[in-house]
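What follows is one structure encoded as structure tokens, with my remarks underneath.
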Amino acid sequence: MGLESRRRYRWTRGRVTDYWDEVFTPDGMAGNAALDDQSAFIASLGSSRSPRMRDVLGTIQADQDRIIRAGSRGALVVDGGPGTGKTVVALHRTAYLLYSDPRLSHRNNHRRSDVLFVGPHQPYLAYVADVLPSLGEEGVQTCTLRDLVPEGAAAAVERDPEVTRLKSSVEMVKAIERGVRFYEEPPAEGMEVETPYADIWLGSDDWAEAFDAAEPGTPHNEARDDVWDALLAILADKLEEHDVPEGLRRRSLSQSAELQSAFNRAWPLLDYAALVADLWRVPAYLQLCAPHLLDGERAMLRRENPEAWTTADLPLLDAARLRLGDPEASMRRRRRAATLAAERELMDRVVDDLIAADDSENLEMYMLRGDDMRDKLVDEDAVEPVDPDVLAGPFAHIVVDEAQELTDAEWRMLLLRCPSKSFTVVGDRAQARHGFTESWNERLHRVDMDNVALAGLSINYRTPEEVMVEAEPVIRAALPDANVPTSVRSSGIPVVHGAEQDLDAILDTWLEANSEGTACVISQPALDLDIQRDRVSRLTPELAKGLEFDLVVLIDPDGFGTGVEGAVDRYVAMTRATQELAILTSAP
């Protein structure tokens, strides 16, 4: 409506107890006396941090609230620099959508929702763990990308950037589909199937017809039952011509060891990890599945130990796992069906005994003969249930924090779990460790997200002005157009510069002066530091992303690396501070 700012008042028992200004344009910041530490709201932003993020519903601002209440159709990108409240917005938006959008309501009263919240690492998930429950939402599934695949916990970081580039493309994810299709080609030659009644010819066209019985989208291993049943039906029809009784046809065919062996070769059970390992083990298989690769690129991907998984393998393992399905699903279905059949047989005998003993005038026990009543008497809950993979989806909405780090292949992991393509994408292009030269629209369109809206946050509520004055040149040196937010408050504490040997004194002084709050020492893992103190953590720059601490101490930030990655790590580490920042250089 053209407003530059709006003054908000808070009152208690008829008296104004606080006021501050919300700004709507960059010009609205100029000369605004209400945006200072005299405001209880602004002061609350600088209060001591705890090991868990708190619910900040009482301090949500207009720019944040507008994003929280946006609709869930398509992908909403929330782009903002450090301290702008992106994570707060993402968490409160999750709770709001669960409350307001009927598509995202809890399913079957089991407190499982249709929303997945994806964070960058486990320390981050631990930090935000209390927010959604405090807002009344306990059913949201939270995870990191590593959690989506069983191999994720032990996967090493891929150190070769060229290997990461090759494995992170959408084309390589498509190679998994080609690899599975290789095992779904019907045999080109027929065979004679011997039965006690007649020898039946199983031709290549019969194989093709049976293979077509697999429903599109059914995982490979779970489609085996459909293909096998279709194969038996085709052969049973041929046995009919030999006047074989209907009840004996399928039984004799299903007991044919020769037919079972041929079927196992034609449509084998596949292990997803073995399939991906074969890509790095068998050059001819990789060439078949990934014809877009050059000879040198295929040689680069070959590994002596193909199952020494790295983070770059995880999207491919995930695609193979979802495409193949559970190899034991068929066995479990058959076991469940056999158990239910036994339950029904037992119940039939019980009903017969009850009817035989019924001497009532109306013979009420005969009601138990009905199929509906018999099914109700069978306790299906007593049968061993199949444990669903709760992270496999599908989900109606997915929230992704620190989304600037995701590769195309990692985006595919999430898109496979959200057919509606309804996403909240939270990130900052200036915090992408490996660079982010394109726009959000370009990045998301490339991975097949078409309906994309962009919302920006530009006011830094967390990081004091003293810290941002030193952090801004660090990132602009590498990324001149970085979206650096404007701080709304000052801590009055200058940034400390010193040497590594000052670390103990800085921590001890801070702990003595502050009975609450948290501190963090951010350094590379190679440094040998002893910081055994309560309320003090030690993290690498990568694991500090998304977190915040009252005091942050950087050890040898010049050693974080060079280029964009090094600049981003220094910028991210510096902006974790909500009160004080100390930058210490290592001894020569």
Nearest heavy-atom neighbours spanning Arg323 and Glu184: NH2-OE1, 3.1 Å
Within this structure, what is the CG-OG1 distance for the pair Leu235 and Thr195, rounded to the nearest 0.5 Å? 9.5 Å
So do the side chains of Tyr272 and Pro150 get within less than 4.5 Å of each other, counting heavy atoms only? yes
Is Arg412 salt-bridged to Asp318, going by a charged N under 4.0 Å from an acidic O? no
Fit a plane to each ring of Trp228 and Phe263, take the angle between them on a 0 to 90° scale, and name the class: parallel (under 30°), tilted (30 to 60°) or perpendicular (over 60°). tilted
Just so I know, are the side chains of Tyr124 and Lys545 near enough to count as touching, which here means a heavy-atom distance under 4.5 Å? no
Quick one: do Arg446 and Asp408 make a salt bridge, cutoff under 4.0 Å? yes
Approximate separation, where rounding is to 0.5 Å, of Asp147 CG and Gln141 CD: 11.0 Å
Is the shortest distance from a Lys or Arg side-chain nitrogen in Glu402 or Arg433 to a carboxylate oxygen in the other one below 4.0 Å? no
Rounded distance (nearest 0.5 Å) linking atom OG of Ser420 with atom CG of Asp114: 9.5 Å
Kindly determine whether Asp313 and Lys167 satisfy salt bridge (Lys or Arg N to Asp or Glu O under 4.0 Å), including the steps that lead there. CA-CA 7 Å; Asp313 292 312; Lys167 291 183 178 180; 2.7 Å; yes
Output yes when Glu177 and Lys174 qualify as a salt bridge under the 4.0 Å nitrogen-oxygen rule, no when they do not. no
With rounding to the nearest 0.5 angstrom, report the CZ to CG distance, Phe436 to Asp79. 8.5 Å
Any heavy-atom pair between the side chains of Phe423 and Val400 that's under 4.5 Å? yes
Are the side chain of Arg265 and the backbone of Pro187 linked by a donor-acceptor contact shorter than 3.5 Å? no
Keeping Asn221 on the side-chain end and Leu270 on the backbone end, is there a donor-acceptor pair under 3.5 Å? yes
Using side-chain heavy atoms (C-beta onward) and a distance below 4.5 Å, is Glu297 in contact with Leu301? no
In the structure I gave you, are the side-chain heavy atoms of Leu316 and Val173 within less than 4.5 Å of one another anywhere? yes
Strictly below 4.0 Å, N to O, side chains only: are Glu158 and Arg165 in salt-bridge contact? no
Answer yes or no: are there more than 12 heavy-atom neighbours, outside Glu151 itself, under 6.0 Å from its atom CD? yes
Do Thr311 and Leu145 make a side-chain contact, defined as non-hydrogen atoms from C-beta onward lying under 4.5 Å apart? no
Measuring only between side-chain heavy atoms, which start at C-beta, is Tyr285 closer than 4.5 Å to Leu279? yes
Look at the side chain of Arg429 and the backbone N and O of Glu438, then say whether any donor-acceptor pair between them is shorter than 3.5 Å. yes
side-chain hydrogen bond (donor to acceptor under 3.5 Å, both in side chains) assessment of His397 paired with Ser422: CA-CA 5 Å; His397 190 79; Ser422 174; 2.6 Å; yes
